[in-house]
**Student:** 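Okay, here's the structure, questions in a sec.
Atoms considered below: every heavy atom in the structure, side chains included; atoms not considered: hydrogens, waters and symmetry mates. Remember, predicted model here, so these are calculated numbers, not experimental data.
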Amino acid sequence: MSTEQLNQLKQQIAALPLAEKAQLAAFLSEQLQQAGDQTPEASAIDDDIRQRRTEWIKAHREEYAGKYVALEGDQLVGVGQTIREARQQAKEKGFKNPFLVRLTSEHETLSAGW
């Protein structure tokens, strides 16, 4: 692909709505994983996604405390009382493999079960 074609593609991507950008990012990430491409660039992308996800969780943990959330990068794509509900919402929006986590309040005491 020529540099000109790549720049045109980037311009088209920049014009996409956020949800479609997230779907494209997930697709490209999946393509990199399938190709076994663990180049420094791919690792940097993974680190960036992890960092954005962590920041989102910190910013919204009290808002969604006690609930399960499905994230695609730093975008909320599902939320529910159960992990199944959060996953289903994400799936309905076209996200096959979102990051799923239960958020706890900063003040919640966690028990080890004994």
**Student:** Quick check: closest heavy atoms across Gly73 and Ile49, and the distance to 0.1 Å?
**Tutor:**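 Answer, listing the atom of Gly73 first, then Ile49: CA-CG2, 3.9 Å.
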
**Student:** Check side chain to side chain contact (heavy atoms under 4.5 Å, CB included) between Lys10 and all other residues, then give those that pass, not counting sequence neighbours.
**Tutor:** Leu6, Asn7

**Student:** Quick one: side chain to side chain contact (heavy atoms under 4.5 Å, CB included) partners of Gln5, sequence neighbours excluded?
**Tutor:**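 By the side chain to side chain contact (heavy atoms under 4.5 Å, CB included) rule, Gln5 matches Met1, Ser2.
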
**Student:** What is the minimum heavy-atom distance between Ala86 and Gly80, and which atoms define it?
**Tutor:**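 Heavy atoms of Ala86 and Gly80 come nearest at CB-N, 4.1 Å.
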
**Student:** Could you name each residue pair satisfying salt bridge (Lys or Arg N to Asp or Glu O under 4.0 Å) that touches residues 55-64, not counting sequence neighbours?
**Tutor:**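 For residues 55-64: none.
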
**Student:** Please report the interatomic distance OG1(Thr54) to CZ(Phe99), rounded to the nearest 0.5 Å.
**Tutor:**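 Rounded to the nearest 0.5 Å, the OG1-CZ separation comes out at 7.5 Å.
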
**Student:** Can you tell me how far the CG atom of Leu24 sits from the CG atom of Leu16, to the nearest 0.5 Å?
**Tutor:**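 So the CG of Leu24 and the CG of Leu16 are separated by 7.0 Å.
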
**Student:** Let's go through Val77 and Leu71 carefully: what are the C-alpha distance in whole Å and the side-chain angles of both, what is the deciding distance for side-chain contact (heavy atoms from CB on, under 4.5 Å) to 0.1 Å, and is it a yes or a no?
**Tutor:** CA-CA 6 Å; Val77 295; Leu71 299 174; 5.8 Å; no

**Student:** CZ/Arg53 to CG/Asp48 distance, rounded to the nearest 0.5 angstrom?
**Tutor:** 10.5 Å

**Student:** Should Ile83 and Val79 be regarded as members of a common hydrophobic cluster, given that ILVMFWY residues are connected when their side-chain heavy atoms come within less than 4.5 Å of each other, either directly or indirectly?
**Tutor:** no

**Student:** Would a hydrophobic clustering, with Ile, Leu, Val, Met, Phe, Trp and Tyr connected at side-chain separations under 4.5 Å, put Leu103 with Leu76?
**Tutor:** yes

**Student:** Who passes side chain to side chain donor-acceptor pair (under 3.5 Å) against Gln8, sequence neighbours left out?
**Tutor:**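 Gln8: no side chain to side chain donor-acceptor pair (under 3.5 Å) contacts found.
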
**Student:** Mind checking whether Val69 and Leu100 sit in one hydrophobic cluster, side chains of I, L, V, M, F, W, Y counted as touching below 4.5 Å?
**Tutor:**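 As far as the 4.5 Å side-chain criterion goes, Leu100 and Val69 are not connected within one cluster.
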
**Student:** Does anything in residues 67-91 form a side chain to side chain donor-acceptor pair (under 3.5 Å)? List the pairs, not counting sequence neighbours.
**Tutor:**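 Qualifying pairs: Gln88-Glu92.
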
